2 protein chains.
Amino acid sequence: MGIKISEGRKKEIILGFYQLSKVNGLENTSIAKIGKHLGMPPSLVMHYFPTREILISNLISYILQQMLLIYQPMLKELETQNYADPHTFVDRLFSRDWNLLLDDGVFYSCYSLIFRNKRIKDEYRVLHEKLREYLKDILDRDENLTGKDTELLSEQIFVVVEGAYYYLSMFDDPEVYEQKVTIFKNQVYDLLRKYEVQHL
Amino acid sequence: MGIKISEGRKKEIILGFYQLSKVNGLENTSIAKIGKHLGMPPSLVMHYFPTREILISNLISYILQQMLLIYQPMLKELETQNYADPHTFVDRLFSRDWNLLLDDGVFYSCYSLIFRNKRIKDEYRVLHEKLREYLKDILDRDENLTGKDTELLSEQIFVVVEGAYYYLSMFDDPEVYEQKVTIFKNQVYDLLRKYEVQHL
DNA sequence: TATAATATTGAATGGGTGTTCAATTTATGA
DNA sequence: TCATAAATTGAACACCCATTCAATATTATA
């Protein structure tokens with residue numbers, strides 16, 4: 001059972017780290033603060049994560065894992081029914097459910113670390129390639145797209161999605177936000193349509 | 001001349017801050033380190049920037065200003081000739097000259113602050129809106145696009161550009177990088193073409 | 001129950017942090 | 001030249017940081 005306690009503690013610490021980072025920022029969240037937040041001495045935190053770097057590395061793994069969770073229901077549907085509607089998938093990508101699972105501030109703080117840490121960069125890249133493969137799987141099951149370069153299409157769709165997330169984060173006004181979401185969603189629909197039309 | 005010394009010092013400090021952040025990261029660059037780097041006591045740094053927050057705020061203004069510089073030659077051309085080729089503009093957006101003027105690591109570190117600081121968020125938004133207006137100006141001068149929704153088009157072009165920057169930062173292999181750049185550049189060209197074709 | 005492994009504590013370390021302040025040097029303007 | 005203002009210095013502050021370590025408590029194993 002020792003291992004279970006250990007794993008539980010680790011999860012607890014990472015989650016505490018994440019929650020405090022959400023409020024105060026990654027750079028202002030110290031090991032001492034995490035300890036206080038969880039009611040344990042900082043030395044216990046360091047017992048499970050020997051250095052701060054390791055702690056951050058684990059936080060990033062957690063975050064990227066959370067990102068994958070957003071696609072989970074869609075992928076389940078894909079497996080059971082052997083089909084998933086690309087448009088529904090795109091809708092989900094643009095939905096705000098996202099924010100419930102993953103805080104943008106923490107996410108981009110961690111992202112900015114890729115420029116000075118190769119391992120983090122690789123982890124981010126692998127995740128993003130995985131996301132594109134998922135979408136490709138969905139597109140491949142769509143009969144309107146058979147024989148099309150779905151790899152290219154999923155690359156083009158995701159670049160719009162990621163650019164949209166980046167840009168939309170700057171807007172607080174819900175009305176403006178929604179208006180812009182619509183624009184980018186349509187942009188993705190246009191991409192899908194373009195490929196579908198060529199099929200006829 | 002007092003004012004000139006003051007302004008010179010301020011620029012010097014911001015630049016030192018930027019350079020150290022490039023190497024060590026924004027979060028690891030302290031006022032003491034900046035002072036040491038520039039051969040001055042930390043108290044002098046704080047004489048010109050009373051708090052660290054103000055210092056960061058000024059660094060961000062500098063960074064966004066640098067970002068505008070990339071567009072300067074293009075905008076000059078627009079003024080003198082009253083025309084600029086949209087495709088050339090897009091090429092410039094995807095060129096690597098960018099990195100000489102602005103480090104991506106520092107840029108995204110600062111970007112991640114928008115989620116906890118409204119003023120920074122507003123400054124980023126204004127900058128991005130400005131960029132889109134510049135592109136709109138260029139598109140408006142193109143006769144192939146007269147009467148078209150150039151505001152929408154520039155919005156759609158930039159979302160691809162920004163998504164591309166975000167995604168491409170994860171790739172070190174120059175070959176893969178170039179291959180992906182080509183994809184996204186073509187994606188933008190397709191957008192332009194789509195609008196141009198509708199015109200005929 | 002005895003032993004070994006794991007979990008947890010609390011105190012201590014040295015070093016870095018942003019910031020303050022009074023004193024001093026240098027430049028400016030009358 | 002003299003007074004005033006600006007620039008610069010260096011020491012000091014309390015605080016927070018990641019990390020270490022030895023001691024203790026709990027749990028697992030035999």
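Chain identifiers are assigned alphabetically (A, B, ...) following the order of the sequence lines, protein sequences preceding nucleic acid strands; residue numbering begins at 1 within each chain. All values reported here derive from a predicted model rather than from experimental measurement.
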Please state how far atom [atom1] in [X] lies from atom [atom2] in [N], giving the value in whole angstrom units.
{"X": "B/Lys10", "N": "D/dT8", "atom1": "NZ", "atom2": "P", "answer": "13 Å"}
{"X": "B/Lys36", "N": "D/dT9", "atom1": "NZ", "atom2": "P", "answer": "15 Å"}
{"X": "A/Glu27", "N": "D/dC16", "atom1": "CD", "atom2": "P", "answer": "17 Å"}
{"X": "B/Glu7", "N": "D/dA6", "atom1": "CD", "atom2": "P", "answer": "14 Å"}

Are B/Asp172 and B/Tyr177 linked by a side-chain donor-acceptor pair shorter than 3.5 Å? no
Does the side chain of B/Glu123 pick up a donor-acceptor pair with the side chain of B/Ser61 at under 3.5 Å? yes
Given the ring of B/Phe171, does B/Lys180 sit roughly above its face, with NZ or CZ under 6.0 Å from the centre of the six-membered ring and within 45° of the axis? yes
Find out whether the Lys NZ or Arg CZ of B/Arg132 is both under 6.0 angstrom from the six-membered ring centre of A/Tyr167 and within 45° of the ring's axis. yes
Residue pair B/Cys110 / B/Ile120: nearest heavy atoms and the distance that separates them: O-CG2, 4.2 Å
Quick tally for nucleotides 8-21 of chain C: nucleotides whose base has a protein heavy atom under 4.0 Å get B, sugar-phosphate-only ones S, the rest -, giving BBB------SSBBB
I want to know whether B/Tyr62 and B/Phe17 have ring centres closer than 6.0 Å.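 Ring centres of B/Phe17 and B/Tyr62 not closer than 6.0 Å.
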